[in-house]
Amino acid sequence: MAHTPIIEMRGISKRFGQVQANADVDFTLQQGEIHAIVGENGAGKSTLMKILYGLYQPDEGKIFVDGQSATIASPKSAMRLGLGMIQQHFTLIPAFTALQNIILAKEKRKFGTLLDYQKAENEITELAEQVGFDVPLNTPIESLSIGAQQHTEILKALYHGAEILIMDEPTAVLVPQEIEGLFECMRGLKREGRSIIIITHKLDEVMTIADTATVMRRGKTVATCPISETNSHQLAEHILGEPVLQSWIERKETNQESPMLRLEDVTVRTGTGKNILDRINLNILPGEIVGIAGVEGNGQTELIEILTGLRKIQHGNLVLNGESVTNCSTMEFREKQVAHLPADRHRHGVSLNNRIDENFIIGKHQQKLFSRNAMLHQKNIQRFAFNALDKYQIRVGDIKHPIKTLSGGNQQKVVVARELSGDPSLIIAAHPTRGLDIHAAKFVHTRLIQARNRGKAVLLVSSELDELLLLSDRIAVMYNGRIAGIVIPTSDDRSKGLQEKDKQKLGALMLGLSSEN
């Protein structure tokens with residue numbers, strides 16, 4: 001006999017202007033189930049869950065909770081129905097303690113008016129023990145690790161009565177040790193009869209933790225299947241709507257000894273004198289990809305900024321091809337053949353309202369090929385753009401249209417095509433596949449490997465350990481503004497999974513649990 005689903009969404013549709021985010025979507029969640037929703041960016045996953053949590057209202061469709069029709073007009077309505085949502089970007093108040101954040105809007109009181117922190121702390125401590133969390137409740141959120149902040153969010157949802165948890169990219173900012181701890185918590189909640197929905201793009205994690213997976217593509221549900229009846233390869237094919245090719249480019253051996261780039265005792269301080277980069281020493285050889293790992297906020301952003309002319313250093317030297325480039329400007333770095341794939345392509349990579357062809361020459365517009373007497377040479381620009389479109393297989397309607405009309409993957413391809421033109425010596429790649437689908441990410445990976453094989457030096461900053469282990473010859477881990485250690489990936493076949501011990505070693509360094517310095 002079939003059980004009544006704890007959540008059932010029927011025929012959900014939602015439009016934002018001309019964009020159809022959800023189109024007649026059905027979704028079902030059983031009690032005590034961990035259900036993963038997967039799909040490319042823009043597939044409609046987050047929109048569907050924001051409708052379930054009352055952040056958006058559907059244009060069409062119905063929602064049933066425990067078999068009863070429900071109108072979820074707001075998050076408060078959702079919480080009354082036993083729903084809680086842990087969003088990718090936490091909603092905690094940094095200056096408040098973990099305890100204050102958890103009890104906010106549900107404070108325990110004594111004598112009718114006074115806050116009873118002790119009673120609340122006792123209840124939350126007991127709740128934390130049940131799910132295996134060790135959160136210092138009286139510590140301000142801003143002083144807690146990312147993992148502890150996430151645990152606080154989960155405790156807050158449970159304290160407010162959540163029987164159903166919606167988790168948006170729950171492992172995106174966690175290191176391997178924290179991920180396993182989160183999975184143990186999720187399994188414990190499942191044993192207690194609670195239900196969990198996770199939105200994710202990490203298919204290996206889906207296969208590890210989920211009971212069921214629903215695949216969305218272009219706003220529609222294209223498949224729902226038990227995990228026991230599928231695999232990550234089949235899920236990837238559902239996501240893309242076509243077979244996934246497993247080809248991988250060969251990595252050539254290089255024997256260079258002289259560094260392309262040297263960082264010597266590089267130090268960057270804040271206005272208050274705190275070191276955000278603390279005596280960084282690092283070499284990058286020609287024909288090498290050096291990855292940079294670390295929990296966000298440990299100096300990776302500042303490292304990129306000093307290598308692209310966006311920030312000055314207070315001490316130390318930067319040496320490129322034997323020449324000092326300390327505190328050079330952005331234009332000077334470009335002239336010295338340094339390419340930059342920025343972390344935020346919309347803010348620093350493209351000009352959204354400008355034409356597609358014009359975006360191909362950003363930063364290069366003063367070259368004689370593209371301008372004459374301060375006037376742009378449109379024919380040469382268009383010829384250059386058409387060649388890049390063909391070489392990099394970028395799909396566009398009309399190169400005169402604004403680049404914002406392209407998909408995120410094709411926008412990133414434009415950035416890659418522009419930055420890798422002119423044969424740069426050093427490539428600074430900051431989160432180059434963030435937000436990209438499988439095909440677009442593979443395209444970027446291939447171009448970085450090709451550049452490496454041609455003797456270029458690549459500095460790759462990424463929050464994805466799988467990406468770092470797949471591409472890097474060496475991985476430097478940053479912690480507290482310093483290089484905590486260097487890990488050399490030990491996987492012999494990079495296309496067939498990566499050794500778990502490498503991830504564990506990286507995770508320990510990222511958490512400051514070990515150091516080679």
Side-chain angles (χ1 to χ4, degrees), residues 6 29-38 49 82-88 90 92 98-99 101-102 123-137 139 141 144-213 226-228 232 293 295 463-466 497-514:
I6 193 168
L29 176 71
Q30 301 293 338
Q31 184 172 359
E33 176 185 51
I34 300 175
H35 196 132
I37 304 179
V38 298
M49 289 300 100
L83 287 151
M85 188 169 188
I86 316 300
Q87 302 199 50
Q88 186 174 356
F90 303 147
L92 303 169
L99 176 63
N101 271 280
I102 292 169
E123 288 187 14
I124 295 167
T125 299
E126 184 178 344
L127 181 62
E129 289 175 352
Q130 289 175 6
V131 295
F133 287 168
D134 182 17
V135 176
L137 295 177
T139 301
I141 286 295
L144 296 181
S145 69
I146 296 295
Q149 290 182 36
Q150 186 181 65
H151 292 172
T152 302
E153 284 273 25
I154 295 172
L155 287 173
K156 181 178 179 179
L158 298 176
Y159 181 73
H160 285 256
E163 292 294 325
I164 302 162
L165 282 179
I166 305 166
M167 308 181 78
D168 191 357
E169 297 287 357
T171 66
V173 294
L174 302 183
V175 300
Q177 289 87 339
E178 292 174 325
I179 291 171
E180 185 52 42
L182 174 65
F183 284 178
E184 281 303 312
C185 166
M186 292 167 67
R187 294 183 185 107
L189 293 172
K190 173 184 170 181
R191 286 192 293 269
E192 293 177 4
R194 289 186 170 94
S195 308
I196 301 172
I197 303 169
I198 57 171
I199 306 168
T200 185
H201 68 280
K202 298 181 179 181
L203 298 185
D204 289 343
E205 292 180 1
V206 171
M207 299 304 300
T208 299
I209 193 62
D211 301 301
T212 308
I227 291 299
S228 59
S232 58
V295 176
S463 58
E464 299 285 348
L465 292 188
D466 283 344
L498 304 157
Q499 293 188 3
E500 190 62 29
K501 67 178 182 180
D502 286 338
K503 289 187 179 181
Q504 295 298 321
K505 190 185 301 183
L506 287 169
L509 289 167
M510 289 166 70
L511 291 172
L513 300 178
S514 64

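In this structure, Glu153 does not pair ionically with Lys156, as no charged nitrogen and carboxylate oxygen lie closer than 4.0 Å. The pair Glu180-Arg187 meets the salt-bridge criterion, with a side-chain N (NZ, NE, NH1 or NH2) lying under 4.0 Å from an Asp/Glu carboxylate O. A salt bridge links Lys190 with Asp211; the closest basic N to acidic carboxylate O contact falls under 4.0 Å.
The shortest heavy-atom contact between Gln149 and Leu92 is O-CD1, 3.5 Å.
Counting only heavy atoms from C-beta outward, the side chains of Glu178 and Ser145 approach each other to under 4.5 Å. Residues Asp168 and Met49 form no side-chain contact, since every pair of their non-hydrogen atoms from C-beta on lies 4.5 Å or further apart.
A donor-acceptor distance shorter than 3.5 angstrom exists from the side chain of Ser195 to the backbone of Gly32, with no hydrogens or angles considered. For the pair His160 (side chain) and Leu83 (backbone), a donor-acceptor distance under 3.5 Å is absent. A donor-acceptor contact shorter than 3.5 Å links the side chain of Gln150 to the backbone of Pro170.
A distance of 8.0 Å separates CG in Leu158 from CD in Glu192, rounded to the nearest 0.5 Å. The CZ atom of Arg194 lies 11.0 Å from the CD1 atom of Ile164; values are rounded to the nearest 0.5 Å. The line from NZ of Lys202 to CD of Glu464 is 4.5 Å long, rounded to the nearest 0.5 Å. From Thr208, atom OG1 reaches atom CD1 of Ile34 across 11.0 Å, with rounding to the nearest 0.5 Å. Expressed to the nearest 0.5 Å, how far OH of Tyr159 lies from CG of Leu127 amounts to 9.5 Å. The distance from atom OG1 of Thr212 to atom CD1 of Ile37, rounded to the nearest 0.5 Å, is 11.0 Å.
Of the residues listed (Ile197, Ile166, Leu165), the one engaging Met85 in a side chain to side chain contact (heavy atoms under 4.5 Å, CB included) is Ile166, and it is the only one.
A donor-acceptor contact under 3.5 angstrom links the side chains of His201 and Glu169, judged on distance only. Residues Thr171 and Glu205 bring a donor and an acceptor atom of their side chains to less than 3.5 Å of each other.
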